[in-house]
Amino acid sequence: MDERKTLEQRASMTEVERLRHSASHVLATAILRIWPEAQFAAGPPVENGFYYDVDLAHRISPDDFEKIEAEMKKEIKANHPFERMEVSRDEALEMGKKGRLAALSDRNEPSKFKIDIIENIPVDEKISLYRDGDFVDLCAGPHVMRTGNIGAFKLTSVASAYYKGDEKNPQLQRVYGTAFKTKKELDDYFAMLEEAKKRDHRKLGKELEIYVIDDDVGPGLPLWLPRGAAMIEELEKLAKETEFAAGYQRVRTPHIAREILYKKSGHLPYYADSMFPPMELVTQASSLSGQAGFQPATAEGTAGALMENDQAGSLSYDRYYLKAMNCPHHHKLFAAIPRSYRDLPLRLAEYGTCYRYEQSGELFGLMRVRSMQMNDAHIYCTPEQFEAEFNAVNEMYLKYFKLFGIEKYLMRFSTHDPTKLGQKFVDEPELWKQTEVMTRNVLKNSGVDYVEVPNEAAFYGPKIDVQAWSAIGREFSIATNQVDFAQPRRFNLVYKDRDNTDKTPLCIHRAPLGTHERFIGFLIEHYAGNFPLWLSPEQVRILTIGDEPALIDYARKIHEELRAHQVRAELDLSTDKINGKVQCAEQMKVHTMFVIGKRDMEADAISVRVHGKGNLGAKPRAEVIADILLSIKERRP
RNA sequence: GCCGACGUAGCUCAGCUGGUAGAGCAGCGGUUUCGUAAACCGCAGGUCACGGGUUCGAAUCCCGUCGUCGGCUCCA
């Protein structure tokens with residue numbers, strides 16, 4: 001039990017929330033009519049509906065919904081009033097013992113979850129029951145006046161949930177439903193869900209041939225098809241241009257590293273669970289040949305046994321991890337060369353590939369994966385430079401958001417909790433204070449929307465996470481910007497300052513475009529697959545009408561001209577009718593179609609059709625191509 | 001990871017209570033020569049996720065494994 005809803009929050013429940021909360025009582029009533037032994041836990045309204053958690057030997061399946069809904073309709077038709085009753089704690093417990101809470105009558109088994117809930121209600125708070133018809137439930141309300149006020153409802157799914165969200169508690173069945181005041185609103189809601197399904201990046205990702213996830217390659221390990229890879233190339237080009245202009249230098253680092261690196265960085269053992277298990281390597285020094293041979297040791301037992309031999313001097317043993325983050329590698333690059341204050345700020349950028357062993361149940365399309373390429377960079381700077389650097393990063397974010405037309409976003413500024421210094425957060429009270437003040441100033445001065453979240457900083461410093469919402473309302477944490485004053489010290493990173501002393505730099509971790517995986521997943525939903533020209537996997541498709549040789553030559557010439565300018569153009573010379581070719585290109589959401597017939601050839605023109613805009617008519621060839629090139633160059637929306 | 005549902009051709013899906021698979025699209029081969037969202041004919045395509053079991057017989061029933069999806073934060 002974390003926080004209970006306050007009475008004020010309850011009082012401010014909207015009408016639709018009351019209605020849904022009432023619907024959950026009716027749901028419980030219906031379940032009891034069918035399975036009188038059901039034990040109920042919590043049944044609140046939620047964002048898009050309501051649920052009730054129930055403990056029941058029968059496994060409720062969607063096949064049962066019709067039966068349950070029929071019982072619910074009877075209760076609604078009966079139009080029972082919701083009556084509120086205030087009772088003493090003892091009275092409530094007494095009823096609970098008789099199984100009368102969340103029940104239609106007294107029962108043999110006590111209402112165990114309700115009794116537990118009563119015992120957790122603060123002593124100074126009143127206890128109330130609600131009755132509608134035979135059903136009585138422990139409930140603080142509020143409700144609608146009568147069951148008949150519940151307009152249109154539908155059960156939507158059943159899932160499991162731990163009691164109080166704690167995996168040590170028993171699992172309950174959570175029956176979900178939604179309810180609205182009118183049938184029309186309910187229908188609109190389901191229509192909206194249907195629309196959202198069409199934009200789902202997993203569906204579009206497959207249809208538009210952007211990526212696949214293959215069982216044999218592994219869960220959470222997306223493979224990028226040429227169309228997806230083209231988009232990635234564009235994003236990288238954008239990042240490289242932007243970062244070059246902002247004074248970043250590019251570096252490259254391997255995908256694996258020895259265990260010691262992550263021990264130094266402090267990521268092990270805290271992050272071990274979210275890293276792939278290490279590769280064990282055993283080096284055998286052969287005294288005969290004097291050469292070393294490798295043999296992988298897979299089982300822990302083998303490694304252990306070999307380590308004993310190691311002490312005899314003939315074997316040595318090591319572990320390599322797939323990298324889960326790039327920072328330790330970049331810190332090593334900082335350390336590789338003696339640094340002067342004149343070198344700072346030093347900005348090292350890399351689209352680094354990282355691997356994280358996310359729990360199987362957490363994997364989700366491109367949003368939650370196990371291999372990812374991060375738009376990563378680390379900025380090493382002096383405390384004096386920090387504010388300007390952090391601000392520049394922030395401005396880079398805003399520039400990207402503008403380019404992609406991302407309007408709904410929120411910056412979450414996570415700070416430390418001073419009482420947890422030395423435990424959850426590194427024990428540097430002054431540095432925390434300083435960097436948080438500086439970060440807050442940057443946010444305030446830039447005028448962006450942000451919320452401050454105490455106690456959620458990284459262990460090494462305050463951070464900003466950017467949440468954005470795709471067009472279907474799915475929330476994405478797409479970017480991150482973190483301050484780090486701990487790792488540079490752990491790695492003994494120093495620069496020689498003006499006064500000839502060694503000082504430790506601050507480090508800013510930043511990834512404005514997040515990872516390719518999540519960012520492209522976001523863009524697919526954001527644009528519904530209708531990407532701007534510069535980002536489109538297939539920018540232009542040339543469709544010929546007829547196949548006379550002169551016409552084919554003309555189409556080929558245009559195709560070559562586009563390709564010579566690095567435009568992703570394809571040529572459709574198939575024998576389909578023009579309607580068929582247009583349909584095919586439209587379905588793949590090809591940005592621009594050049595429809596070429598005899599008329600165009602004779603006028604040295606191109607008939608242009610743009611996805612979503614239809615036929616724009618014929619224009620001179622040179623003009624059309626110049627416009628395409630300019631649109632790509634300017635990254636027009 | 002846990003609970004539940006699901007897994008049939010490249011894709012979308014059909015296949016009733018067990019009698020060893022079917023459509024449309026895509027693909028391939030022809031025919032068609034066409035002006036902005038699907039021309040016509042034919043062919044080919046499947047160890048019904050994988051592994052066990054029950055049965056005379058399994059896509060179908062049972063068990064296990066893998067994978068996908070929905071949940072697991074919002075407490076009366």
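Residue numbering restarts at 1 for every chain, and letters A, B, ... go by the order of the sequence lines.
Rounded to whole Å, the distance from CG on A/Leu208 to P on B/C11 is 15 Å. Note: CZ (A/Arg368) to C1' (B/G71) measures 15 Å, nearest angstrom. Between A/Gln171 atom CD and B/G4 atom C1' the separation is 9 Å, expressed in whole Å. The separation between A/Leu172 atom CG and B/G70 atom P is 22 Å, rounded to whole Å. Taking atom CG of residue A/Leu193 and atom C1' of nucleotide B/C69, one finds them 15 Å apart after rounding to whole Å. The distance between atom CZ of A/Arg202 and atom C1' of B/U68, rounded to the nearest whole Å, is 9 Å. Between the CD atom of A/Gln359 and the P atom of B/G71 there is a distance of 17 Å, given to the nearest Å. Rounded to a whole Å, the CZ atom of A/Phe50 is 16 Å from the C1' atom of B/G71.
Under the Watson-Crick or G-U wobble criterion, with both distances below 3.5 Å, B/G22 is paired with B/C13. The partner of B/A38 is absent, by the rule that a Watson-Crick or G-U pair needs both atom distances under 3.5 Å. Across all strands shown, B/U55 has no partner, as no Watson-Crick or G-U wobble contact with both distances under 3.5 Å is found. Pair assignment for B/C2: B/G71, on the basis of Watson-Crick or G-U wobble contacts that are both within less than 3.5 Å. With a cut-off of 3.5 Å on both Watson-Crick or G-U wobble distances, the partner of B/G7 is given as B/C66. When both pairing distances are held under 3.5 Å, B/U47 makes no Watson-Crick or G-U pair with any nucleotide shown. Nucleotide B/U32 has no partner under the Watson-Crick or G-U criteria, as no pair reaches both atom distances under 3.5 Å.
B/U31 and B/G45 are spaced 23 Å apart, taking the P atom of each and rounding to whole Å. Atom name P, nucleotides B/G10 and B/G27: the rounded distance is 15 Å, in whole Å. Taking the P atom of each, B/U73 and B/A58 are spaced 44 Å apart, rounded to whole Å. The same atom, C1', is picked in B/G29 and in B/U36; the two are 28 Å apart, to the nearest Å. Spacing between B/U68 and B/U8 at atom P, rounded to whole Å, works out to 14 Å. Comparing the P positions of B/G18 and B/C72 gives a spacing of 37 Å, expressed to the nearest Å. Across the C1' atoms, B/C13 and B/U32 are found 31 Å apart, a figure rounded to whole Å. Nucleotides B/A44 and B/U54 have their P atoms positioned 38 Å apart, rounded to a whole Å.
Taking only side-chain nitrogens and oxygens, A/Tyr176 comes nearer than 4.0 Å to OP1 or OP2 of B/C72.
At least one donor-acceptor pair closer than 3.5 Å links the side chain of A/Lys581 to the backbone N or O of A/Asp572. Although no hydrogens or angles enter the test, the distance criterion places a donor-acceptor pair under 3.5 Å between the side chain of A/Gln39 and the main chain of A/Pro110. With A/Glu358 contributing its side chain and A/Leu363 its backbone, the two residues share no donor-acceptor pair below 3.5 Å. Checked by atom type and distance alone, the side chain of A/Arg370 never pairs as donor or acceptor with a backbone atom of A/Gly220 at under 3.5 Å. Side-chain atoms of A/Glu83 never come within 3.5 Å of backbone atoms of A/Arg131 as a donor-acceptor pair (strictly under, hydrogens ignored). In this structure, A/Arg89 contributes its side chain and A/Ala92 its backbone to no donor-acceptor pair below 3.5 Å. Using modelled atom types, one side-chain atom of A/Thr147 and one backbone atom of A/Glu75 make a donor-acceptor pair closer than 3.5 Å.
Dense packing is recorded around CD of A/Glu86, with more than 12 heavy atoms of other residues, nucleotides or ligands lying under 6.0 Å away.
A donor and an acceptor atom, one from each side chain of A/Lys589 and A/Ser536, are nowhere located under 3.5 Å apart. Side chains of A/Asp600 and A/Ser607: a donor-acceptor N/O pair is present below 3.5 angstrom, by distance only. A/Ser22 and A/His143 share a side-chain donor-acceptor pair at under 3.5 Å.
Among the heavy atoms of the strands lying under 4.0 Å from A/Ala41 are primed sugar atoms or P, OP1, OP2 only; no base atom is included. The residue A/Phe113 sits apart from the nucleic acid: no heavy atom pair falls under 4.0 Å. Among the protein residues, A/Tyr130 comes within range of no part of the nucleic acid, since none of its heavy atoms lies under 4.0 Å from any strand.
Taking every side-chain heavy atom of A/Arg174 into account, B/C74 is the closest of B/G70, B/C2, B/C74.
Under the salt bridge (charged side-chain N to carboxylate O under 4.0 Å, His left out) criterion, A/Asp134 pairs with A/Arg33, not counting sequence neighbours.
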Quick one, give me the B/S/- string for nucleotides 23-38 of chain B, reading 5' to 3', where B means a protein heavy atom under 4.0 Å from the base and S means that only happens at the primed atoms, P, OP1 or OP2. --------BBBBBBBB
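Interface remark: the A/Ser160 side chain does form a donor-acceptor pair with the B/G71 base, using a distance-only criterion of under 3.5 Å.
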Distances for protein N/O vs nucleotides 44-50 of chain B N/O pairs under 3.5 angstrom?
none

